[in-house]
Engineer: 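Structure incoming, see below.
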Amino acid sequence: MSKKILLSGVKPTGAPHIGNYFGAMKQFVDLQKDYEGYVFIADYHALNFIQNKDEMEKNIVGVLLDYLAIGLDPKKLTIFKQSDISEHTELAWIFDTLTTMPYLMHAHAFKDAEAKNKEICVGTFNYPMLMAADILLYGPDIVPIGADQKQHVEIARDTAEKFNRIFGETFKLPEPMIMKDMAVVPGIDGKKMSKSYNNHIPLFAEYEEIKRCVMNIVTDSGEGIPKNVYAIHNLFRPASELLPIYESKAGKYKELKEMLIEDIEKFIAPMREKRKEFAKDIPKALKILKEGGEKAKIIASKKMEVVREKVGVKVYEK
Ligand code: ADP
Ligand code: TRP
């Protein structure tokens, strides 16, 4: 029996944090042996946020090293970047022609930007259409993501249904896969951990940085269990181990934070070292990305041929 398909991606917008890891990236690693996996770098999505050549290049290599360091194995799954597969943007255009403005105006990202009175570029408005194309080209069964991306996968499902209704059965409907306990990893202030809130702990932080982040975790002045410290600690140790410790050390925030620093360091150090190893040979890492792109291209171009035929623009064989 052929394996089920997994697909997901991360935008190269800066160093990942432990929220990205536990919310999404860890699942790619855990599932890679059981699925036919496609994990990519969403560089064209990132262009909405980063319009600087050097920074973009650095970030793309950065995500590639992150993927390798967390344990993604190119022998088990395909690692590629979005911009290598022009079918993503081509299919996004076709989806643009089927999707109404009011429908996309309901998307969280657009509503948030509008609420903040930000000037919104068309790329941000259309973001979910490119994401729908990313997903639907490969027919994944599951799309592992953090809770904040759930709506985007639902939009991809709606878009697949609409296309299928108009042009006939073409796309499989994907399922989002959200780890229940990790749906929203909290930041050091208790709000959702996010690069944009500056409340994050970098996934590859050095010891001193881990220390600084943990010491800055916001605690209330009560005598009980420090909520924010506990929530982050719980990512690294199960409640059954952690609760007795926190109960016996109620109010001793400094001690608990010191323990957390050591637990995070123990967890991050091996990945941090692996990342440094991969960084010593960037051409080798880039070769993995390029070869992944060649594999992904075969699947995407086959699917796109079907799509062109269905919409009626394929009037002769190539
Ligand atoms: P950020 O909000 O820091 O910019 P991204 O939007 O780049 O993060 O998210 C990359 C992936 O990590 C997505 O699948 C997203 O759902 C997941 N993710 C981001 N922040 C968290 C969090 N705090 N908890 C769980 N998952 C998260
Ligand atoms: N939008 C996702 C994020 O911000 C990244 C992404 C782009 C993605 N295309 C995707 C995730 C397709 C899963 C599937 O994190």
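All ligand and atom numbering here is 1-based and tracks the order in the structure. Heavy-atom basis, side chains included; hydrogens, waters and symmetry copies ignored.
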Engineer: Do any nitrogen or oxygen atoms of Ser196 come within less than 3.5 Å of a nitrogen or oxygen of ligand 1?
Structural biologist: no
Engineer: In terms of residue, atom name and distance, what is the protein heavy atom nearest to atom 25 (C) of ligand 1?
Structural biologist: Ala183 O, 3.2 Å
Engineer: For the 3.5 Å polar cut-off, considering only N or O atoms, please tell me whether Ala24 and ligand 1 meet it.
Structural biologist: no
Engineer: Can you list the ligand 1 atoms lying under 4.0 Å from a non-hydrogen atom of Gly23?
Structural biologist: 25 (C), 26 (N)
Engineer: How would you list all residue pairs meeting side chain to side chain donor-acceptor pair (under 3.5 Å) that involve residues 293-302, not counting sequence neighbours?
Structural biologist: Ser86-Lys297, Glu87-Lys297
Engineer: So is Gly146 polar-close to ligand 1, meaning N/O to N/O under 3.5 Å?
Structural biologist: yes
Engineer: Taking only non-hydrogen atoms of Asp148, do any sit less than 4.0 angstrom from ligand 1?
Structural biologist: yes
Engineer: Look only at the side chain of Lys81 and the backbone of Ile41, and say whether a donor-acceptor pair between them is shorter than 3.5 Å.
Structural biologist: no
Engineer: Could you work out, with ring pair (Phe, Tyr, Trp, His ring centres under 6.0 Å) as the rule, every residue matching Tyr246, not counting sequence neighbours?
Structural biologist: Tyr230, His233
Engineer: Which protein heavy atom lies closest to atom 12 (O) of ligand 1, and at what distance to 0.1 Å?
Structural biologist: Asn20 ND2, 3.1 Å
Engineer: With the threshold set at under 4.0 angstrom, would you say His17 reaches ligand 1 through any of its heavy atoms?
Structural biologist: yes
Engineer: Name the option, out of Ala46, Ser194, Pro144, Gly19, that contains the heavy atom nearest to atom 27 (C) of ligand 1.
Structural biologist: Gly19
Engineer: Hey, is ligand 1 close enough to Lys195 that some N/O pair sits below 3.5 Å?
Structural biologist: yes
Engineer: Mind checking what residues have non-hydrogen atoms under 4.0 angstrom from ligand 2?
Structural biologist: Leu7, Ser8, Gly9, Lys11, Phe40, Ala42, His45, Tyr127, Met131, Asp134, Ile135, Val143, Ile145, Gln149
Engineer: Holding to ring pair (Phe, Tyr, Trp, His ring centres under 6.0 Å), I want the full list of residues that pass it with Phe110, two or more places apart in sequence or in another chain.
Structural biologist: Phe125
Engineer: Among all protein heavy atoms, pick out the one at the shortest distance from atom 6 (O) of ligand 1; state its residue, atom name and that distance to 0.1 Å.
Structural biologist: Lys11 NZ, 3.5 Å
Engineer: Could you see if Met25 belongs to whatever hydrophobic cluster contains Phe278? Use Ile, Leu, Val, Met, Phe, Trp, Tyr and a side-chain cutoff under 4.5 Å.
Structural biologist: yes
Engineer: Would you indicate which of Val143, Val185, Ile145, Val63 comes nearest to atom 24 (N) of ligand 1 when only heavy atoms are counted?
Structural biologist: Val185
Engineer: Would you tell me which option among His45, Met179, His200, Gln149 has the nearest heavy-atom contact to atom 13 (C) of ligand 1?
Structural biologist: Gln149
Engineer: Taking the six-membered ring of Tyr35, is NZ or CZ of Lys3 closer than 6.0 Å to its centre and within 45° of its axis?
Structural biologist: no
Engineer: For Lys274, is there an ion pair with Glu277 - N to carboxylate O distance below 4.0 angstrom?
Structural biologist: no
Engineer: Do Leu256 and Val218 share a hydrophobic cluster (ILVMFWY, side-chain heavy atoms under 4.5 Å, transitive)?
Structural biologist: no
Engineer: Passes side chain to side chain contact (heavy atoms under 4.5 Å, CB included), Asp96 versus Trp93? Steps please.
Structural biologist: CA-CA 5 Å; Asp96 277 347; Trp93 171 259; 4.0 Å; yes
Engineer: Just by distance, with hydrogens left out, do Asp73 and Gln32 show a side-chain donor and acceptor under 3.5 Å apart?
Structural biologist: no
Engineer: Counting only nitrogen or oxygen atoms and a 3.5 angstrom limit, does Ala147 reach ligand 1?
Structural biologist: no
Engineer: Is the charged tip of Arg275 near the ring of Phe204: under 6.0 Å from the six-membered ring centre and within 45° of its axis?
Structural biologist: yes
Engineer: Tell me if a side-chain donor or acceptor on Asp141 pairs with a main-chain N or O of Lys4 at a distance below 3.5 Å.
Structural biologist: no
